[in-house]
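Each chain gets a letter, A, B and so on, in the order its sequence line appears, and its residues count up from 1.
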Amino acid sequence: MSTPAESDVQHLRYDPTTIEPKWQQIWRDEKTWHVSNKPDDRPSSYVLEMLPYPSGEPHMGHLKVYSVGDALAHYRRRNGMRVLHPMGYDSFGLPAENPRESTEDAIAEFRRQFETWGVSIDWDREFGTHEPGYYRWTQWIFLKLFEAGLAYQKEAAVNWCPNDQTVLANEQVVDGHCERCGAAVEIKQLKQWFFKITEYAERLLDDFAQLESWPDNVITMQRNWIGRSEGAEVVFSCEELGIDYPVFTTRPDTLFGATFFVMAPEHPDVFKLAEGTGAEQAVRDYVNAAARKSKEERGADDKEKTGVPLGRSVVNPVNGEAIPMYVSDYVLMEYGTGAIMAVPAHDQRDYEFAKKYGIEIRQVIAPAGEGGQPADISEQLAEQAYVSSTESDVLVNSGDFSGKSSVDAKREITGWLGADGRGKATVNYKLRDWLVSRQRYWGCPIPVVHCDDCGIVPVPEARLPVELPDIDDYVPKGKSPLAAATGWVEVHCPECKGPARRETDTMDTFVDSSWYFMRYTDARNDREAWHRAVLNEWMPVDNYIGGVEHAILHLMYARFFTKALHDLGLVGAVEPFKNLFTQGMITRDGAKMSKSKGNVISPSAYVEKYGADTARCYILFIGPPDQDADWADEGVEGVHRFLARLWRLAVEVEQRTDASLGVAAPQSADADRSSGALSDGAQAVMRKAHWAIDKVTGDMEGRFAFNTAIAAVMELVNELYKCKDALLDSDDADASSLRFATATAGSLLFPFAPHLGAEVYDMLGGGRVWEVTWPAADAAYLASDSITLVVQVNGKVRDKIEAAADASEDELIELARASERVQSHIDGKETVKQIVVPGKLVNIVVR
RNA sequence: GCGGAUGUGGCGGAAUUGGUAGACGCGCUGGCCUUAGGAGCCAGUGGGUGAAAACUCGUGGGGGUUCGAGUCCCUCCAUCCGCACCA
């Protein structure tokens, strides 16, 4: 029964360590994945994974993101598209040791591993953001934004990380802690560089409509972060000092209930206001205490409201009433105007403050009660504020506006105040300008000089890049280490030629990564950042793939950059990423991998032991790629077994069938299928192969269902094992069907396991699978003459019957009723209803 | 507190439009092959009753819509994530 050839095959070992380097060398030597910028008749597609921060070696997240992106890139290419799939490194940042050396070592290791993974990258476009050839253009963009008034310097209260010894953007502070190192963030008053992202707040919101597919949660997070709220700016006047204080409120309908007024401790006028009132010392103590608090302490959940009177009052514009002013840290300087009107009856925070300091709580809103009269809510107001604001909430104690609905009153009171300049409708955003200066050495220098006579002078474009000097001590000490490089700092002013000093702060690394996807399109251009026509040919990115942790930071900054550069006429696209895919995390024992938990596993160990194809397929097979997945070594073994099984099948089929048959489908295939020229086994094999083609294609299109796509190839291979013994040693048609189906398994698996896919296809005489068009399923093999009819009685499955695919509804009912198993359930009962789903099911409802 | 997601065998997961729940893989059980195998091949595998045929229960809990619900609606619970003094 078993031939020598068969038993040989059983003992052959699938050896990825010889197969994988073989194909990698061909791809490297022939630059297979290089794509030219010269358009051709193929549609272009830009597939991009978020660029890696090179530190140590790649981790499981990298393996996952490139497994997903590479599968997509391969699939696109084989569907006749011209695919841009580049690679680079986010190589400025916070390295521990000698930055230049450690960065370049890490990049070399990343590149080496990516090559062992067989990722189909156009290596001719590779760069690191720390290379002068790249950051020259980062500086150029900075100057463009500066010219446009979108980059500016101002003194402001900023987030300071005492550990990293640098300022942080608002977005980089998480729960009052440094996003990077976890230290409690302090507030400092410093002069810093900002990008005017707030000018784009509205468009960042509006243009969500232009995106093709982005996860809802990412859009929601950005929307919340931008924090648009509509309301009114209302002017309260301090008559004693003759200063007007506008406040922002979303509740102008509650103005008649304002019984006090609060300023943030950072408000520049608090000392001026307190002066001469006797409150000076108390105010100074309070403000100093607030300044010493970390952001976290200030924002703590259960923190009791505190504050001190300023000893002054302001006039409420709706009723001319003078109300007392306070300073309290529950008011934030960075939102609105840094001052608020306080309506304790209808705002919980104001309520708590008023309760503590015995300030009047004056109700001006009431829910509609019976008979259209306002309901009595005094009981509730003894406990907490009443914050509802709907059509059925009406104003009380509000002069001429009493009786109006809360909703109408907002508009009418704003309009009334607006008529004589005491207020206006406005929109406010939580979003603040992007703080981009960093007091770090390893970053892109900000290309300006400070001249005593000329002020801030941009470095002329022709003199870019402003290169990072080599220095001895790059440990941050509160100001940029670059300040110590006196030979570099001291320059001549580009305008007056007088003595001047270079800016010593460097840029936030998020600036580097806000435009790298544009540079890829024309990465070797040393005359300009990109050629416009080339850029527009590729942009926007068709599929952007990465972790959801960048939902706000990177993705919002990149959107802002694209819009700003668009407005400057430099970029055609308005949005950078048409489709966004956020991959889930790889966990270990159900927990995030971390050094402190000691549960970190690295891809390299698995790639060395099982090969890249196994590691890549496993990470895709483990579950839907947008969900978190737990890494299990037994699962890896299972996938490895499957790949070995396919490889052995290919070897056996190759050895025991005639090589001249190649990988073509049997010639008698579709024409003679019904006439029986193909054996039953061959037909089963052909049908399964075409079923798999259809399934994998469907899973790749539209959704990233790689897990079920791989499962389909597993099913095909299982079917081939079942049929192969009958088909080997048979006639040419049978042998052809086997060769075709085995090669098809390799072809379908190629996007996920490129080395093995190429090996199997080539072994059977198909040549280079990546040059072969993606297979199309033959409808003739998908349709079947017979179906399995499910028969239900009262919705419960009672039988399954083989039926002709083209049977009529009546025939199906007849068939169903004839079944013995069905009869035992319907005998002697009245048939109420019979439902037929053609080709699928009959449900007989009896009583 | 607000917003979002998820909940299916022992485990990872499948079920694309309301129509056979559990594809595929892991694990487990049995068989074949083998000097042996933790290799390979084949078969079985949601729970309960049963010798079997079969019956019955079953997609976090409860309720509803429907001939029919993992899928739609209401409600509760659990876990995870994001935001959180934003006036």
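Across all strands, A/His825 comes closer than 4.0 Å only to sugar-phosphate atoms, never to a base (heavy-atom distances). Across all strands shown, A/Arg798 has heavy atoms under 4.0 Å from sugar-phosphate atoms exclusively, and none from any base. Among the atoms of the strands shown, base atoms are found under 4.0 Å from some heavy atom of A/Lys695. Within the 4.0 angstrom heavy-atom criterion, only backbone atoms of the sugar-phosphate kind lie near A/Gly638; the bases stay farther away. Within 4.0 Å of A/Lys800, counting heavy atoms only, lies at least one base atom of the nucleic acid. Across all strands, A/Val797 comes closer than 4.0 Å only to sugar-phosphate atoms, never to a base (heavy-atom distances). Residue-level contact check: A/Val343 touches neither bases nor backbone, having no heavy atom under 4.0 Å from any strand.
When the side-chain hydrogen bond (donor to acceptor under 3.5 Å, both in side chains) test is applied to A/Arg641, no partner is found at least two apart in sequence or on another chain. In this view, A/Glu634 satisfies the side-chain hydrogen bond (donor to acceptor under 3.5 Å, both in side chains) rule with no residue, not counting sequence neighbours. For the side-chain hydrogen bond (donor to acceptor under 3.5 Å, both in side chains) test, residues two or more places apart in sequence or in another chain that qualify with A/Asp613 are A/His755. By the ring pair (Phe, Tyr, Trp, His ring centres under 6.0 Å) test, A/Tyr326 is found to be paired with A/Phe260, A/Phe353, residues two or more places apart in sequence or in another chain being considered. The ring pair (Phe, Tyr, Trp, His ring centres under 6.0 Å) search around A/His640 returns A/Tyr14, A/Tyr610, not counting sequence neighbours. A/His825 meets the ring pair (Phe, Tyr, Trp, His ring centres under 6.0 Å) test with no other residue; sequence neighbours excluded. In terms of the ring pair (Phe, Tyr, Trp, His ring centres under 6.0 Å) criterion, residue partners of A/Trp631 (sequence neighbours excluded) are, by chain and number, A/Tyr606, A/Tyr618.
Applying the 4.0 Å criterion to OP1 and OP2 of B/rA87, one finds that A/Ser229 has a side-chain N or O inside that range. A close approach under 4.0 Å does not occur between any side-chain nitrogen or oxygen of A/Arg821 and OP1 or OP2 of B/rA53. For the pair A/Lys796 and B/rC57, the criterion of a side-chain N or O lying under 4.0 Å from OP1 or OP2 is met.
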Write down the protein N/O and nucleotide N/O pairs, taken from nucleotides 7-13 of chain B, whose separation is under 3.5 Å; answer none if there are no such pairs.
| unit_1 | atom_1 | unit_2 | atom_2 | d |
| --- | --- | --- | --- | --- |
| B/rG12 | O2' | A/Ile622 | O | 2.8 |

N/O-N/O pairs, protein side and nucleotides 42-46 of chain B side, under 3.5 Å:
| unit_1 | atom_1 | unit_2 | atom_2 | d |
| --- | --- | --- | --- | --- |
| B/rC42 | OP2 | A/Arg645 | NH1 | 3.3 |

Please tabulate the protein-to-nucleotide N/O contacts below 3.5 Å involving nucleotides 65-68 of chain B, giving atom names and distances.
| unit_1 | atom_1 | unit_2 | atom_2 | d |
| --- | --- | --- | --- | --- |
| B/rC67 | OP1 | A/Lys833 | NZ | 3.1 |
| B/rC67 | O2' | A/Asn843 | ND2 | 3.4 |
| B/rC67 | O2 | A/Asn843 | ND2 | 2.5 |

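Taking 4.5 Å as the limit, every side-chain heavy atom of A/Tyr330 sits out of range of all side-chain heavy atoms of A/Glu352. In this structure, A/Phe704 and A/Asp699 have side chains that are not in contact, with every pair of non-hydrogen atoms separated by 4.5 Å or more. Annotation: side chain of A/Lys410 is in contact with side chain of A/Ser389 (closest heavy-atom distance under 4.5 Å).
Across the P atoms, B/rG68 and B/rC57 are found 15 Å apart, a figure rounded to whole Å. With P as the reference atom, B/rG61 and B/rA78 are 15 Å apart, rounded to whole Å. Atom name C1', nucleotides B/rC26 and B/rG44: the rounded distance is 16 Å, in whole Å. Look at the P atom in both B/rA21 and B/rU16: the space between them is 14 Å, to the nearest Å. Nucleotides B/rU66 and B/rG82 place their P atoms 42 Å apart, quoted to the nearest Å. Nucleotides B/rG13 and B/rG64 place their P atoms 32 Å apart, quoted to the nearest Å. Comparing the same atom, C1', in B/rG10 and in B/rU45 gives a spacing of 11 Å after rounding to whole Å.
In RNA chain B, runs of at least 3 stacked Watson-Crick or G-U pairs (N1-N3 plus N6-O4 or O6-N4, or N1-O2 plus O6-N3, all under 3.5 Å) give these stems: B:1-7 with B:77-83, B:10-12 with B:24-26, B:27-32 with B:40-45, B:46-49 with B:54-57, B:60-64 with B:72-76.
Heavy-atom nearest nucleotides on RNA chain B were determined for A/Glu637 and for A/Asn428, and the one closer to the 5' end corresponds to A/Glu637. Comparing A/Asp329 and A/Thr708 by the nucleotide of RNA chain B whose heavy atom lies nearest to each, the residue mapping closer to the 5' end is A/Thr708.
Salt bridge annotation for A/Asp347-A/Arg251: absent, with no cationic side-chain nitrogen under 4.0 angstrom from a carboxylate oxygen.
When all heavy atoms of A/Asn159 and A/Val185 are compared, the pair lying nearest together is CB-CG1, 3.5 Å.
The interatomic distance linking A/Arg13 (CZ) with B/rG40 (P) rounds to 11 Å, in whole Å. When rounded to the nearest whole Å, the span between CE of A/Met333 and P of B/rA87 equals 16 Å.
With B/rG40, B/rA84, B/rG19 as the choices, the nucleotide that has an atom nearest any side-chain atom of A/Arg648 turns out to be B/rG40. Comparing atom distances between the A/Arg703 side chain and each of B/rA87, B/rG19, B/rU16 picks out B/rU16 as nearest.
A side-chain hydrogen bond (donor to acceptor under 3.5 Å, both in side chains) check over residues 830-841 of chain A, counting only residues at least two apart or in different chains, returns the pairs A/Arg817-A/Thr831, A/Arg817-A/Gln834.
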Please report the C-alpha distance between A/Glu715 and A/Trp691 in whole Å, then the side-chain angles of each, then the deciding distance to 0.1 Å, and finally whether the side chain to side chain donor-acceptor pair (under 3.5 Å) criterion is met. CA-CA 10 Å; A/Glu715 283 196 55; A/Trp691 168 85; over 6 Å; no
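Neither side chain, A/Asp694 nor A/Thr697, offers a donor N or O lying under 3.5 Å from an acceptor on the other.
Figure legend: cation-pi geometry between A/Arg645 and A/Tyr721, with NZ or CZ positioned under 6.0 Å from the six-membered ring centre and within 45° of its axis.
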